[in-house]
Amino acid sequence: IQTGRSDRANVGIRTAHVEENASVCREHLRLTLRVSGFADAYPGQFVHLRPEEVASDGHDNRADDGQAAVDLHVDQPTGPLLRRAFSIAGLKRVADDAFIDVMYRVVGTATRWMAALGRGDRISLLGPVGNRFPIDQAKPVAWLIAGGVGLPPMFWLAEALEQAGKRVVAMCGAQSADLLPLTIDLAPAPSVDAKEAHPAVIEFARSEAGVVISTDDGSLGFHGHVGSAMEAYHQANPIDPADLVVYTCGPEVMLECIGTYCVQRGITCYVCMERSMACGTGLCQSCVVPIRDDADPDGWSYRLCCTDGPVFDAAEVVWK
């Protein structure tokens with residue numbers, strides 16, 4: 001099974017209307033957008049967001065539905081010049097409308113602009129962009145391993161895996177409990193030794209996934225990195241590699257840790273990479289990822305995160 005390239009024919013720019021912009025923890029928010037005519041999309045894909053363009057005279061330069069764009073008030077944070085990529089955390093459809101969830105952490109210009117958005121505001125959305133997480137029908141168990149803002153695509157993926165009849169375990173890490181963008185049900189409390197997975201997270205309730213929580217400071221669940229939590233869980237719950245597939249998203253150092261661990265043990269692993277993107281459509285060639293390539297004299301070549309990814313087979317990624 002290969003991840004494949006994205007279908008650029010389905011990518012389009014549309015006006016998205018803000019339905020909700022809610023806080024989920026100390027620095028993370030969930031933005032729900034309503035988009036009409038959004039193409040078919042799948043877990044692993046993302047959307048590219050920016051303010052709608054407004055001329056100096058206040059008139060909209062590019063509204064695709066004939067309505068005026070939202071006025072960016074001077075007292076609001078300045079919006080980003082380039083689009084920003086955000087994984088789709090969930091997607092529901094009602095008639096021709098798609099309701100898309102994205103989750104973000106407020107760290108810079110773009111996310112400060114996003115945090116100021118309110119219901120009814122309008123933004124420009126490019127998507128769906130990228131390829132998807134492949135679902136291997138032959139493997140009955142899936143581990144979803146994510147840290148911080150790498151968690152959102154796992155919510156939607158968990159639902160798709162449950163619908164495909166897989167047994168799902170989610171391993172979720174953060175620096176501290178107040179930076180974990182999850183709704184925790186502490187009955188039972190998350191395992192401190194990471195040997196058991198409990199259905200303790202509302203966001204994974206629909207997929208009936210067992211969850212292992214880890215925090216770097218030990219304020220909730222396992223005390224340590226989510227990669228260490230995965231190793232502890234694996235030791236306590238050995239499994240034939242032929243039955244298991246791992247999906248992971250988060251900081252690249254975490255992806256390398258998880259990917260290397262799995263490859264060394266013959267476990268299929270898909271990593272969802274992150275890169276800064278100027279266009280999101282493959283034109284600017286800025287979001288490169290080094291991938292093994294036997295046909296190249298150097299043994300590797302670049303692929304684009306936006307069109308060849310963001311999902312790659314961990315065995316193909318050149319980490320260093």
Side-chain angles (χ1 to χ4, degrees), residues 22-30 43 87 89-90 101 103-107 141-159 161-162 166-239 244-262 265 267 269-272 274:
S23 175
V24 294
C25 68
R26 177 158 61 89
E27 295 182 3
H28 296 78
L29 294 92
R30 182 185 64 251
S87 295
D101 286 337
M103 194 172 290
Y104 62 98
R105 184 178 183 181
V106 181
V107 294
V141 181
W143 291 355
L144 281 53
I145 306 171
V149 290
L151 278 164
M154 298 305 177
F155 304 152
W156 194 20
L157 175 61
E159 293 184 30
L161 289 166
E162 189 275 336
K166 309 303 180 184
R167 181 162 59 87
V168 180
V169 176
M171 305 180 196
C172 312
Q175 293 175 331
S176 57
D178 62 344
L179 288 176
L180 189 67
L182 298 172
T183 307
I184 307 295
D185 180 357
L186 295 179
S191 171
V192 297
D193 57 12
K195 294 182 178 180
E196 297 180 296
H198 301 296
V201 174
I202 301 301
E203 287 80 359
F204 289 108
R206 291 183 180 178
S207 59
E208 301 181 353
V211 180
V212 173
I213 300 293
S214 70
T215 49
D216 294 351
D217 64 358
S219 53
L220 183 66
F222 179 85
H223 187 175
H225 189 270
V226 69
S228 298
M230 175 199 65
E231 293 185 33
Y233 182 83
H234 193 194
Q235 290 175 4
N237 302 272
I239 182 172
L244 175 64
V245 59
V246 171
Y247 303 90
T248 183
C249 183
E252 189 152 327
V253 65
M254 187 204 85
L255 300 184
E256 180 179 1
C257 171
I258 302 299
T260 301
Y261 180 93
C262 291
R265 290 159 179 78
I267 300 170
C269 177
Y270 296 105
V271 295
C272 186
E274 180 180 0

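What you see below is based on every heavy atom in this structure, not just the backbone, and it leaves out hydrogens, waters and symmetry mates. All values derive from a computational prediction rather than experimental measurement.
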Undergrad: More than 12 foreign heavy atoms under 6.0 Å from CZ of Arg167: is that the case here?
TA: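 It does not: Arg167 CZ has 12 such atoms or fewer within range.
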Undergrad: Does a side-chain heavy-atom distance below 4.5 Å link Val201 with Cys172?
TA: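 Side chain of Val201 against side chain of Cys172, heavy atoms only: no contact under 4.5 Å found.
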Undergrad: Would you please name every residue forming a salt bridge (charged side-chain N to carboxylate O under 4.0 Å, His left out) with Glu274, sequence neighbours left out?
TA: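 None.
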Undergrad: Kindly write out the residues that satisfy salt bridge (charged side-chain N to carboxylate O under 4.0 Å, His left out) with Glu252, not counting sequence neighbours, or none if the list is empty.
TA: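 Checked Glu252 against salt bridge (charged side-chain N to carboxylate O under 4.0 Å, His left out); matches are Arg275.
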Undergrad: Counting distance only, does the side-chain N/O of Asn237 pair as donor-acceptor with the main-chain N or O of Lys195 below 3.5 Å?
TA: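 A pair under 3.5 Å: yes.
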Undergrad: Apply side chain to side chain contact (heavy atoms under 4.5 Å, CB included) to residues Val149 and Tyr104 and explain how you reach the verdict.
TA: CA-CA 6 Å; Val149 290; Tyr104 62 98; 5.9 Å; no
Undergrad: Got a donor-acceptor contact below 3.5 angstrom from the Ser219 side chain to the Ala177 backbone?
TA: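 A pair under 3.5 Å: yes.
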Undergrad: Can you check whether Leu179's main-chain N or O pairs, donor with acceptor, with Glu27's side chain at less than 3.5 Å?
TA: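 No, Glu27 side chain to Leu179 backbone: no donor-acceptor pair under 3.5 Å.
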Undergrad: Does Thr248 use its side chain to pair, donor to acceptor, with the backbone of Ile145 at less than 3.5 Å?
TA: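 Yes; at least one donor-acceptor contact below 3.5 Å.
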Undergrad: Step through the shown structure and confirm whether more than 12 heavy atoms of other residues, nucleotides or ligands are within 6.0 Å of CZ on Arg26.
TA: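 Atom CZ in Arg26 is packed in, count exceeds 12.
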Undergrad: Do any N or O atoms from the side chain of His223 and from the backbone of Thr215 form a donor-acceptor pair under 3.5 angstrom?
TA: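 No.
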Undergrad: Can you name the nearest heavy-atom pair linking Val168 to Glu162, along with the distance?
TA: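 Nearest pair, atom of Val168 first, then Glu162: CG2-N, 4.4 Å.
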